Structure formats: structure tokens, C-alpha cells
Amino acid sequence: MVASPPPLTESELLARARDLAGSTLAEVALGLNRSVPGDLVHAKGWVGQTLELALGATAGSRDQPDFEQLGVELKTVPVGTGGRPSESTFVCTIPLLDVARSEWRESRVHRKLARVLWVPIQADPERPIAERLVGEPLLWSPSPEQDAALKFDWDTLAGLIGSGQIERVTGHLGAVLQVRPKGRNAADRRWGLDEDGVRVLQLPRGFYLRARFTEGILREHYLLPGDTAEPTRLRGRSRR
DNA sequence: CCGTGATCATTC
DNA sequence: GAATGATCACGG
């Protein structure tokens, strides 16, 4: 068995994803003739790319939905103990030169998040990559409230960047959406605009969903622990 | 060369 | 510990 052909419908995609739920990453990789890295230091995208292959995603690195035919984006999300996301979720890079002229409804963020297949992946650091489990998938579109929250942050952040105030845009801004570096390293540069509209080289950045926002998405669909109070268990104690 | 797949690792 | 800023591999 090798990579799957693209699914023809959302139902088919969802069915495939459900079939993978409960498998270990080693089992998924074995079916694809893929080896499993011992750690992710030099393979940070390995989990996402493996699931893309297993589910028949087609877009590669192009600025298109992973499942082009369906307009669906695939996102694996690492979850720790308690099933809560342990990382933010990368959405897309920011087109520094023309973000000023774009609008929310036409933005990359809006397009990417219009339809997302979330696949939680068990990712306790202690657990070897091979033994991590694939979780139950969730096919999601933003609720009106979620869309409004995303738009609010996007308007703010894109507005700052578009007006050349990118230096003021740190990871601290945004309730649900944030901007963080997204490049080869801190020396990487892309063309952007300064406050006078002059082309200047800037650190490339991307939009990310805060883990708390993703947690809310998962919580709508799954019953996550933590809803019930777990008052002071282990509070104030250190390990070992 | 750039965007996508993300997680790492240093700083709060 | 959590969050921000930095980093790594790959495909087209």
C-alpha cells in the first residue's frame, strides 16, 4: 500500500480519517512504506505530511487547500495529557506586500480556515513518535462567533502590518489569531512595506491559531476532561 | 526561492 | 509551565 488517491467527497475523506483513528503513527507509516523518525527535531512536519499521504491530500506546498477537489484543509494537532492542544496551529504565511489592500473575506486565513479536517495526535513528549495514537477526526467550519473573533484579530494585525508598523506586531497580540516568525531563521527576509509605503526587507511571518482557540474547537465536539473542576491536585508540588 | 508541514527551545 | 520567537525539511 502506498499513498491514497484523493477522496471524492467529504464523507469519503471523513471515513478514511475515522479508519485511521486509533492507529499508531508507526502503523500509519508502515502502510505508506515510510520510516518513523526517532524524534521530530529534524522532521517537524513529519506527522502532518504522513497524514496527508495517508488521506490522499494533493496540494503539496502550494497555496491551495490540501484536498483541492473538496476545498478542505488538513490540520494535525498535537494533544497532550487531557487531550488539550500542546502547540499553536500554523495557518499561512503573510503576504507582506499586499496585506494592506486585502480584506478579511479574501484573505488567506479566511480561505484556509473555511473548512478544516482536524486530526488530533497524541503527543506527550515522553511517548515515542511511533507509539503516538491518531485521534478521532473533526470536520469543522468556523461558527459565526469564531469567524467574528478571527476577523477582529486579522483586521488588527493585517492593519498594523499593512501600514508598515510590523515592528509593533509581536506574538502577544491577538486573542485567537497571532503573528509569529515563519522563515528559515531569524536572518531570513521578505519584501514588505515600511510606514511610508517603501519596499523594505522584513522578517517573514505567519498567522497562527492560539492553542486555546483550537482547544475550543475540539471541545465543541469531544468531551474533554478539565470541564469538571480538579481543584488543587498536585498544585504547588514539583516532580521527582 | 517560497509556502506548507509543523515543533523546538529560549524567554517570560 | 506557558508562550513567543526561532528553526528544520521538503515539494513545486
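Please read all numbers here as calculations on a predicted model, not as lab measurements. Side chains included, hydrogens not; waters and symmetry mates left out as well; all remaining heavy atoms used. Every chain is numbered from 1, with letters handed out A, B, ... down the list of sequences.
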Quiz item: How do A/His172 and A/Val77 order along DNA chain B: which one's closest nucleotide is nearer the 5' end?
Solution: A/Val77
Quiz item: Where each residue is assigned the nucleotide of DNA chain B containing its nearest heavy atom, which of A/Thr93 and A/Val41 is assigned the position nearer the 5′ end?
Solution: A/Thr93
Integer-rounded Å distance: [N] [atom2] and [X] [atom1]:
X        : N      : atom1 : atom2 : result
A/Asn185 : B/dT7  : CG    : C1'   : 16 Å
A/Arg184 : B/dG3  : CZ    : P     : 15 Å
A/Asp39  : C/dC8  : CG    : P     : 13 Å
A/Trp118 : B/dG5  : CH2   : P     : 11 Å
A/Lys44  : C/dA6  : NZ    : C1'   : 7 Å
A/Tyr208 : B/dA6  : OH    : P     : 12 Å
A/Arg34  : C/dA9  : CZ    : C1'   : 11 Å
A/Gln49  : C/dG11 : CD    : P     : 8 Å

Under 4.0 Å between any heavy atoms, over every strand shown, what does [X] touch: base, sugar-phosphate, or nothing? Just pick one.
X        : answer
A/Gln64  : nothing
A/Arg205 : nothing
A/Gly45  : base
A/Thr76  : sugar-phosphate
A/Ser88  : base
A/Arg62  : sugar-phosphate
A/Pro78  : sugar-phosphate
A/Gly183 : base

Atom [atom1] of [X]: over 12 foreign heavy atoms under 6.0 Å:
X        : atom1 : answer
A/Glu220 : CD    : yes
A/Arg212 : CZ    : no
A/Gln165 : CD    : yes
A/Glu68  : CD    : yes

Quiz item: Picking from B/dC8, C/dA3, B/dG5, which would you name as closest to the side chain of A/Glu87?
Solution: B/dC8
Reckon [X] has a side-chain N or O less than 4.0 Å from the OP1 or OP2 of [N]?
X        : N     : answer
A/Arg190 : B/dG3 : yes
A/Lys182 : B/dA6 : no
A/Arg210 : C/dT4 : yes

Practice problem: Mind checking the CG-CD spacing from A/Asp155 to A/Glu103? Nearest 0.5 Å is all I need. | Solution: 8.5 Å
Quiz item: On DNA chain C, nearest-nucleotide positions of A/Leu203 versus A/His42: which is more 5'?
Solution: A/Leu203
Quiz item: What class does the angle between the rings of A/Trp104 and A/Trp154 fall in, given that below 30° is parallel, 30 to 60° is tilted and above 60° is perpendicular?
Solution: tilted
